[in-house]
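Values in this document were obtained by computation on a predicted structure and should not be read as measured data.
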Amino acid sequence: MQEPILKAVAMPPKVFWAPMIPSIVNIAVQSVFICMWIASGKNPIFFIATIVLAHLGIVIYGVKEPHLSNMMQASGPMLSPSKNVYRSRGNKLAP
């Protein structure tokens, strides 16, 4: 029995050909730097090139790994080390 493939799983959301979450993080970080650069009285035209280059890098990595957004969301809870019930090497998710 064939099951239909859901579009959300097969084709994750993209912003200008890049995975959604990394591109939003890129714009947020770049915006903070642009605001600080403008506050110091300098011309922010330099940051247009950095935004484009960083987005191009995300696009290239996103082509290789299209589910990058889901991987970033899944790695969040795993960044903190787990506590093992028994003394052993590495992190065990179950006792």
Side-chain angles (χ1 to χ4, degrees):
M1 180 173 185
Q2 288 186 334
E3 293 291 329
I5 297 174
L6 301 176
K7 186 177 181 181
V9 174
M11 297 297 283
K14 295 186 180 278
V15 175
F16 297 116
W17 306 283
M20 177 81 76
I21 293 177
S23 61
I24 290 174
V25 169
N26 175 36
I27 294 297
V29 169
Q30 294 278 350
S31 298
V32 170
F33 284 122
I34 287 173
C35 291
M36 290 190 309
W37 192 262
I38 291 172
S40 67
K42 297 178 183 171
N43 190 359
I45 197 77
F46 164 74
F47 282 98
I48 292 174
T50 61
I51 289 172
V52 170
L53 288 175
H55 191 78
L56 185 63
I58 294 170
V59 168
I60 291 170
Y61 193 68
V63 167
K64 191 169 88 171
E65 187 58 62
H67 295 282
L68 186 60
S69 297
N70 294 337
M71 289 171 46
M72 288 176 68
Q73 288 175 344
S75 69
M78 295 305 299
L79 291 177
S80 61
S82 65
K83 302 223 187 285
N84 296 338
V85 176
Y86 302 108
R87 194 174 170 96
S88 65
R89 277 191 182 175
N91 289 334
K92 305 286 191 264
L93 300 178

Using a 3.5 Å cut-off and no angle test, enumerate the donor-acceptor pairs between side-chain atoms of residues 36-44 and protein atoms at least two apart in sequence or in another chain.
from : atom 1 : to  : atom 2 : distance (Å)
W37  : NE1    : N43 : O      : 2.8
S40  : OG     : W37 : O      : 2.7
N43  : OD1    : I45 : N      : 3.4

Looking only at heavy atoms, which two atoms of P22 and P19 are closest? And how far apart?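 Where P22 meets P19 most closely, the heavy atoms are CD-O, 3.5 Å.
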How far apart are the closest heavy atoms of V59 and A18, and which atoms are they?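 Here V59 and A18 meet closest at CG2-CB, 3.7 Å.
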Cluster link V29 to I27, ILVMFWY, side chain under 4.5 Å: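 Linked, V29 and I27 end up in one cluster.
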Do I24 and W17 share a hydrophobic cluster (ILVMFWY, side-chain heavy atoms under 4.5 Å, transitive)?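 Yes; tracing contacts between hydrophobic side chains, which count when under 4.5 Å, links both residues.
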N/O donor-acceptor pair under 3.5 Å between H55 side chain and F16 backbone: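 Yes, the answer is positive, given that a donor and an acceptor are paired below the 3.5 Å cut-off.
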Measure from the side-chain N and O atoms of S69 to the backbone N and O of I21, and report whether any donor-acceptor pair falls under 3.5 Å.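 At least one qualifying donor-acceptor pair exists.
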Mind checking the CD1-CZ spacing from I51 to F46? Nearest 0.5 Å is all I need.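 Going from CD1 on I51 over to CZ on F46, the span is 10.5 Å.
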Residues forming a side-chain hydrogen bond (donor to acceptor under 3.5 Å, both in side chains) with T50, sequence neighbours excluded: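 Q30.
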Go through the structure and list residues passing side-chain hydrogen bond (donor to acceptor under 3.5 Å, both in side chains) with E65, not counting sequence neighbours.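 For E65, no residue satisfies side-chain hydrogen bond (donor to acceptor under 3.5 Å, both in side chains) once neighbours in sequence are set aside.
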What class does the angle between the rings of F47 and F33 fall in, given that below 30° is parallel, 30 to 60° is tilted and above 60° is perpendicular?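 Parallel.
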